[in-house]
Amino acid sequence: MEEKNNKRADLWDIAVALHKASLTSHEDIQKWDRHASAFASHSLNGNVFSIGVANQYAADFYAGLYADPLRTALVKAGAPEDVSVAFTVTESAERADAEKKRRHMEQVRSEAAEASAPARKFSSTMPLNESYTFDNFVRGPSNAFAYAIASSIAKEPGGHTNNPFFIWGGAGLGKTHLMQAIGHYVIDNNPSKSVCYLTSETFLNEYLNHLSTKTMEAFRQRYRNIDLLLLDDLQFIGGKDQVQEEFFNTYEGLMTYGKQVVLTCDVPPKKLNGFAERFITRFQQGITIEIELPSYETRVAILKSKARNSGHVIPEEVFAFIGENIRSSVRAMEGALNLVVRFMDANPNMPINQQILQGLLKELLEDDDSIRRLSVEEVIKAVCSFYEISYADMIGSGRTQPLATARQVAMFLSRKLTGASAKSTAEEFKREHTTVLYGSQSIQKRIEVDAKLKSTVEQITENLGRKPSELFEDNM
Ligand code: ADP
Ligand code: MG
């Protein structure tokens, strides 16, 4: 007994282990660990076991929670039967706490200083976002092709293949990030090249400014000596003929000299609104790639990478919850994650659960209606690309295998994932609605016995950014 008392570290370690063993939930254990990290010292003097904390508030708070259970654990660990537990304010704890606060303030200050430091020097009209690098870009099936082209352009900008590089896709899917990653790479690895990033809206505003101050020549000059032009959100100048003409002159000038142009847009070139046909034709001369909706796996991988950069330890269920409930925009997913992080900061002792997440993210969650926003056409396209058949064949009259199966799979997935009526689905397939219902039911039965077909159906569902489990919910 005496020996144990002499080894106070042991006594404490054993008591802590016993106390933790008495906790039943993972959350209670996490909470204990968080709290215990604030205990700066511990010592047994006579029959008083003192635990040092930073201030009186903490002392009262922890005494209320732990004085009794720790006393029990200490006795079990070999402390005197009449031991009492006291939380006391100690200088060392105060100092440690003050030091922690000071370091935190220092970090805040240096971050603020960094943020207000002048942007890095290069000829870009708008600064690049420092975190939009290739390293920070998570690859998945939805963006792998775009990523591959972007990285090959970054290594060797210019020339006539992959020029222009036209990236399109929905909002918040990573177009700007990927485009700027090319810019960062070239700036870092090829300092002699001048890189210019701007949105088409900024181009328009600059154009108007120079026009009104009659300094068009300076404006043109500015864009003449660029090696890599990154023009974001091209769609914005749709219908604005004059500025389009001006942009096109710049564009043609750069192309003539084999300079690299990268464009992003919310639609592919052929669907551009308010652009002259000859511009569209020129934009199609390089390579056009869509960034698609990320799959569930990719969504979770992106969240984890953002969490890593945030420096917080985030419970797994947060990723699953956000990944399952926010599907259409990475930006919205990031917003959700930030809310959770802020909540965790403000409530370090509160374990995160489904209910908290529901409440916290209510505004961001995509309700069933928006989740069902997939159109029958999108489903058909995904099935076509999986089976490598054309849209025309899909809705045509051919009945050969695997065409017939592919068609029924598309019918099944349309029923499961789009929420469109049987009638409008049938119109899309150019068939009777009973044919659609029959086709769909036939796949439903087959996947119960055909594992390969089941995994095909699940894969296409994933490709559409949806969770295979939805297929087995009762919503036919
Ligand atoms: P878009 O330009 O397509 O609207 P952004 O490039 O602005 O979208 O991306 C929105 C947010 O999502 C950014 O913070 C970006 O870093 C993030 N993001 C999108 N895709 C990825 C990805 N694959 N990996 C990491 N972050 C991503
Ligand atoms: Mg963008």
Side-chain angles (χ1 to χ4, degrees), residues 115 124-151 153-154 164-185 195-205 229-238 261-269 271-272 288-312 314 318-319 322-323 325-342 361 364 366 370 462-463 465:
S124 184
T125 305
M126 291 167 78
L128 300 183
N129 181 322
E130 287 294 327
S131 66
Y132 287 179
T133 60
F134 282 124
D135 281 349
N136 289 339
F137 192 83
V138 175
R139 267 173 287 176
S142 58
N143 60 38
F145 196 15
Y147 181 96
I149 298 296
S151 82
I153 287 175
F165 177 26
F166 193 107
I167 309 170
W168 71 277
L173 296 184
K175 300 182 297 294
T176 299
H177 185 143
L178 194 58
M179 162 183 258
Q180 293 201 1
I182 303 175
H184 279 300
Y185 189 96
V195 174
C196 179
Y197 167 83
L198 79 171
T199 63
S200 75
E201 184 177 14
T202 301
F203 188 88
L204 168 70
N205 291 334
L229 175 65
L230 308 169
L231 187 91
D232 207 356
D233 291 325
L234 178 67
Q235 71 274 3
F236 191 83
I237 52 170
V261 177
V262 182
L263 304 163
T264 73
C265 191
D266 62 353
V267 291
K271 292 219 171 140
L272 268 172
T288 298
I289 295 177
E290 177 184 5
I291 296 191
E292 295 167 51
L293 284 176
S295 67
Y296 175 72
E297 266 75 35
T298 309
R299 294 200 293 275
V300 169
I302 292 174
L303 283 167
K304 288 190 172 167
S305 121
K306 301 283 175 194
R308 230 174 288 127
N309 293 342
S310 83
H312 282 74
I314 298 186
V318 171
F319 300 128
I322 299 177
N325 291 292
I326 303 183
R327 310 157 191 226
S328 60
S329 157
V330 177
R331 189 177 294 123
M333 283 173 22
E334 260 187 286
L337 186 65
N338 288 338
L339 278 177
V340 174
V341 166
R342 258 186 276 147
L361 305 179
L364 290 168
E366 291 169 13
S370 69
E462 275 273 324
N463 293 350

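Both ligands and their constituent atoms are indexed starting at 1 by order of listing.
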- [ ] Just need the protein heavy atom nearest to atom 4 (O) of ligand 1, so name the residue and atom and give the distance.
- [x] Gly172 N, 2.6 Å
- [ ] For ligand 1, find out whether one of its N or O atoms is nearer than 3.5 Å to an N or O atom of Leu173.
- [x] yes
Task: Ligand-side contact atoms (ligand 1) for residue partner Ala171, heavy atom cut-off under 4.0 Å - done: 4 (O)
- [ ] Check each heavy atom of Arg139 against ligand 1 and say whether those closer than 4.0 Å belong to the side chain, the backbone, both or neither.
- [x] neither
Task: Protein contact to atom 25 (C) of ligand 1 [nearest heavy atom, distance to 0.1 Å] - done: Asn136 O, 3.3 Å
Task: Per-residue contact class, Val138 against ligand 1 - non-hydrogen pairs under 4.0 Å - done: both
Open item on the list: Distance under 4.0 Å to a non-hydrogen atom of Gly170: what atoms of ligand 1 satisfy this?
Closed with: 3 (O)
Open item on the list: One pair to check against side chain to side chain contact (heavy atoms under 4.5 Å, CB included): Trp168 and Leu263. What are the steps and the verdict?
Closed with: CA-CA 8 Å; Trp168 71 277; Leu263 304 163; over 6 Å; no
Open item on the list: Test your reading of the structure: does Ile302 have an N or O sitting under 3.5 Å from an N or O of ligand 1?
Closed with: no
Open item on the list: We want to know whether Thr133 and Asp135 form a side-chain donor-acceptor pair, criterion being a heavy-atom distance below 3.5 angstrom.
Closed with: no
Task: Residue pair Val341, Ile314: steps toward the side chain to side chain contact (heavy atoms under 4.5 Å, CB included) verdict - done: CA-CA 8 Å; Val341 166; Ile314 298 186; 3.6 Å; yes
TODO: Determine whether any heavy atom of Lys306 lies closer than 4.0 Å to an atom of ligand 1.
DONE: yes
- [ ] Step by step, work out the side chain to side chain contact (heavy atoms under 4.5 Å, CB included) result for Thr176 and Tyr132.
- [x] CA-CA 8 Å; Thr176 299; Tyr132 287 179; 4.0 Å; yes
Open item on the list: For atom 27 (C) of ligand 1, what is the closest protein heavy atom, and at what distance to 0.1 Å?
Closed with: Val330 CG1, 3.8 Å
- [ ] Identify the two heavy atoms, one from Leu198 and one from Leu229, that lie closest to each other, and give their separation to 0.1 Å.
- [x] CD2-CD1, 3.9 Å
Open item on the list: Measuring from atom NE2 of His177 to atom CD1 of Ile182, what distance do you get when rounded to the nearest 0.5 angstrom?
Closed with: 11.0 Å
TODO: Return yes when at least one N/O/S atom of Thr176 is nearer than 2.8 Å to the Mg ion (ligand 2), and no when none is.
DONE: yes
Open item on the list: For atom 8 (O) of ligand 1, what's the nearest protein heavy-atom neighbour? Residue, atom name and distance, please.
Closed with: Gly174 N, 3.1 Å
- [ ] Using a 4.0 Å heavy-atom cut-off, say whether Thr298 meets ligand 1 through its side chain, its backbone, both or neither.
- [x] neither
Open item on the list: Quiz question: by atom type and distance under 3.5 Å, do the side chains of Asp232 and Thr264 form a donor-acceptor pair?
Closed with: yes
- [ ] Apply the test side chain to side chain contact (heavy atoms under 4.5 Å, CB included) to residues Asp233 and Gln235: give CA-CA distance (whole Å), side-chain angles for both, the deciding distance (0.1 Å), then the verdict.
- [x] CA-CA 5 Å; Asp233 291 325; Gln235 71 274 3; 3.5 Å; yes
- [ ] Report the distance from atom CG of Leu230 to atom CG of Leu178, rounding to the nearest 0.5 Å.
- [x] 10.5 Å
Task: Protein residue, atom and distance nearest to atom 2 (O) of ligand 1, heavy-atom basis - done: Thr176 OG1, 2.8 Å
TODO: Return the orientation label for the Tyr185 and Phe134 ring planes: parallel under 30°, perpendicular over 60°, tilted otherwise.
DONE: perpendicular
Open item on the list: Among His177, Glu334, Arg331, which one puts a heavy atom closest to atom 7 (O) of ligand 1?
Closed with: Arg331
Task: Contact atoms of ligand 1, heavy-atom distance to Asn143 under 4.0 Å - done: 23 (N)
